**Q** 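One structure coming up, written as structure tokens, with questions to follow.
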Amino acid sequence: MKNSRVLFTLVVLIGVLALLAAGLGVFWQDSGNSFDFKTVRGDTVTIQGHGLYKYDSANLVSQALGQDVVTLLVGLPLLAAGLWMFRKNWLRGKLLLAGTLAYFLYAYTTYAFGSAFNVLFLVYVALFSLSLFAFVLTLLTIDVKTLALHISVHLPRKTIAGYFFLLGLFLLVAWSGRIVPALLDNSTPVGLESSTTLFVQVMDLGIIMPVAFLAGWLLLKKNAWGYLLAAVSLFHGLTMGLAIVAMVITQVLAGDEVNVAEAGIFVALVLAGLFMTYIFFENVKEEEVSEEISLPDHPLAV
């Protein structure tokens with residue numbers, strides 16, 4: 001396959017660096033004490049004071065640890081499986097690899113821009129860059145115009161589209177519920193902690209939410225691009241969703257305050273996403289099976 005050797009090298013580098021970054025995040029727990037820190041907005045937050053994330057707030061560290069555990073136990077095995085299947089030129093492998101790389105791109109974009117500067121800063125930058133280019137190269141190996149021909153006509157498009165609409169709506173409502181009140185009364189939004197901006201919400205509202213709505217809409221239109229967006233989003237959500245669940249668990253164990261209703265909806269969406277991912281994966285065939293599709297040249301040309 002064209003560029004397969006380059007892509008193989010990039011993915012191996014991602015695996016090695018992610019193993020280093022997540023491993024140190026979990027196991028580097030040196031001595032030190034937490035301390036209070038006054039932010040630029042005049043709020044007081046507790047800084048971790050030890051370990052790799054010693055300069056991050058204790059709340060953000062509990063979330064980072066949860067994500068690191070999922071990266072080690074789920075993300076890296078899926079990355080290896082996706083690469084193995086990709087090397088066999090399986091369509092499922094290409095979709096799995098693209099979705100898993102989307103997870104690593106999302107995760108280490110937030111680490112690079114959101115974590116307090118530490119000894120792994122250049123590793124985060126490298127992971128961000130490597131994941132971006134590997135993700136693009138993987139997408140280029142997928143023939144969008146024939147992708148839908150490999151999707152079974154029994155795929156429950158409406159159900160999966162509904163899931164994406166619910167996901168997009170939830171992100172919009174949940175994050176707006178934090179942002180809008182803070183804008184109206186000039187207060188500190190929930191989750192800002194020691195940061196100066198809501199970097200996670202930038203990713204979710206700027207990329208994940210629009211992609212969710214677009215994937216759902218294009219699936220309903222039987223647009224070939226909808227299948228690609230759906231596959232990548234589902235496989236990305238498989239790992240990111242588990243990371244969110246792990247974040248909630250680590251926050252509870254650390255004694256941090258957790259919005260029970262918000263966390264409950266997140267967990268429900270994650271479980272639904274796992275089921276949708278399984279259903280989608282089962283309906284992807286290596287041979288061409290479907291003819292009832294739309295194949296526009298542009299994803300929005302419906």
Side-chain angles (χ1 to χ4, degrees), residues 95-96 98-107 109-110 131-132 135-136 138-139 142 144-145 147-148 151 155-181 183 189 191 197-245 259 261-281 283-284 292-302:
L95 296 174
L96 174 58
T100 307
L101 285 170
Y103 163 76
F104 280 93
L105 176 57
Y106 180 99
T109 297
T110 59
S131 299
L132 173 61
F135 176 64
V136 172
T138 303
L139 291 182
I142 301 172
V144 179
K145 288 190 174 182
L147 173 60
I151 307 297
L155 178 74
R157 290 180 299 101
K158 293 181 179 179
T159 301
I160 296 176
Y163 163 75
F164 279 122
F165 291 143
L166 284 175
L167 175 62
L169 182 62
F170 173 71
L171 290 175
L172 177 61
V173 173
W175 294 154
S176 295
R178 294 187 178 189
I179 297 169
V180 174
L183 292 175
T197 193
L198 298 171
F199 55 93
V200 170
Q201 283 72 16
V202 171
M203 299 285 289
D204 287 353
L205 294 177
I207 300 176
I208 305 302
M209 183 196 72
V211 169
F213 283 131
L214 185 59
W217 180 54
L218 293 178
L219 273 178
L220 291 180
K221 295 290 185 179
K222 298 181 181 178
N223 184 296
W225 284 91
Y227 294 105
L228 179 59
L229 287 179
V232 172
S233 298
L234 285 171
F235 288 130
H236 162 262
L238 173 67
T239 42
M240 197 64 237
L242 291 174
I244 292 172
V245 173
N259 185 315
E262 187 177 283
I265 297 174
F266 255 126
V267 172
L269 285 172
V270 169
L271 293 176
L274 288 173
F275 179 70
M276 297 299 168
T277 303
Y278 171 77
I279 294 297
F280 192 95
F281 198 87
N283 281 275
V284 175
E292 190 181 356
I293 55 172
S294 170
L295 298 172
D297 293 328
H298 190 278
L300 298 181
V302 296

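When reading the values below, keep in mind they use all heavy atoms of this one structure, side chains included, and skip hydrogens, waters and symmetry mates. A quick note: this is a predicted structure, and the numbers were derived from the prediction, not measured. If you read the sequence from its start, that first residue is 1, and numbering goes on from there.
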**Q** Using 0.5 Å steps for rounding, measure from the CE atom of M203 to the OG1 atom of T110.
**A**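 So the gap between those two atoms works out to 6.5 Å.
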**Q** Identify the heavy atoms of A215 and A230 that sit nearest to each other, and give their distance.
**A**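 Heavy atoms only, the tightest pair is CB-N, 4.1 Å.
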**Q** For residues 164-181, which residue pairs pass the side chain to side chain donor-acceptor pair (under 3.5 Å) check, not counting sequence neighbours?
**A** W175-D204, R178-E262
**Q** Passes side-chain contact (heavy atoms from CB on, under 4.5 Å), F170 versus L166? Steps please.
**A** CA-CA 6 Å; F170 173 71; L166 284 175; over 6 Å; no
**Q** What's the shortest heavy-atom distance between F165 and L220, and which atoms?
**A** CE1-CD1, 3.7 Å
**Q** Any idea which heavy atoms bring L238 and L242 closest together, and the distance?
**A** O-CG, 3.2 Å
**Q** Using the test ring-ring contact (aromatic ring centres under 6.0 Å, His included), find all partners of F281 that sit at least two apart in sequence or belong to another chain.
**A** F235
**Q** Taking only residues two or more places apart in sequence or in another chain, which ones pass ring-ring contact (aromatic ring centres under 6.0 Å, His included) with Y106?
**A** H236
**Q** For the residue pair F164 and F213, establish whether any side-chain heavy-atom pair is separated by less than 4.5 Å.
**A** no
**Q** Applying side chain to side chain contact (heavy atoms under 4.5 Å, CB included) between Y227 and each of I142, L218, L155, V144, report the one that passes.
**A**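 Of the listed options, the one satisfying the test is L155.
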**Q** Mind listing the closest non-hydrogen atom pair of L234 and T277 along with its distance?
**A**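 For L234 versus T277, the nearest heavy atoms are O-OG1, 3.3 Å.
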**Q** Indicate yes or no: at least one non-hydrogen side-chain atom of L205 is less than 4.5 angstrom from one of I179.
**A**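 Yes, side chains in contact.
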**Q** Taking side-chain contact (heavy atoms from CB on, under 4.5 Å) as the test, write out the residues that go with T197, two or more places apart.
**A**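 Checked T197 against side-chain contact (heavy atoms from CB on, under 4.5 Å); zero matches.
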**Q** N283 and P156: which non-hydrogen atoms are nearest, and at how many Å?
**A**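 Minimum heavy-atom contact is ND2-CD, 4.4 Å.
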**Q** Can you find a heavy atom in the side chain of L95 that is under 4.5 Å from one in the side chain of T138?
**A** no
**Q** Quick one: which residue pairs count as a salt bridge (Lys or Arg N to Asp or Glu O under 4.0 Å) with a foot in residues 265-277, not counting sequence neighbours?
**A**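 Those involving residues 265-277 do not exist here.
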**Q** If I take atom OG1 from residue T109 and atom CZ from residue F199, how far apart are they, to the nearest 0.5 angstrom?
**A** 11.5 Å
**Q** Once you round to the nearest 0.5 Å, how far does CE of M240 lie from CD1 of I208?
**A** 8.5 Å
**Q** Please examine the side chains of V232 and L139, heavy atoms only from C-beta on, and report whether any two atoms are closer than 4.5 Å.
**A**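 Result yes, sub-4.5 Å side-chain heavy-atom pair found.
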**Q** Taking the side chain as every heavy atom from C-beta outward, state whether Y278 and L274 have any pair of such atoms under 4.5 Å apart.
**A** no
**Q** Taking side-chain hydrogen bond (donor to acceptor under 3.5 Å, both in side chains) as the test, write out the residues that go with Y103, two or more places apart.
**A** T71
**Q** Heavy atoms only: give me the nearest L172-M209 pair and the separation to one decimal.
**A**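 What the structure gives for the nearest pair is CB-SD, 3.5 Å.
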**Q** I need the L171 CG to I207 CD1 distance, nearest 0.5 Å.
**A** 12.0 Å
**Q** Quick one: does W225's side chain get under 4.5 Å of L214's, heavy atoms only?
**A** no
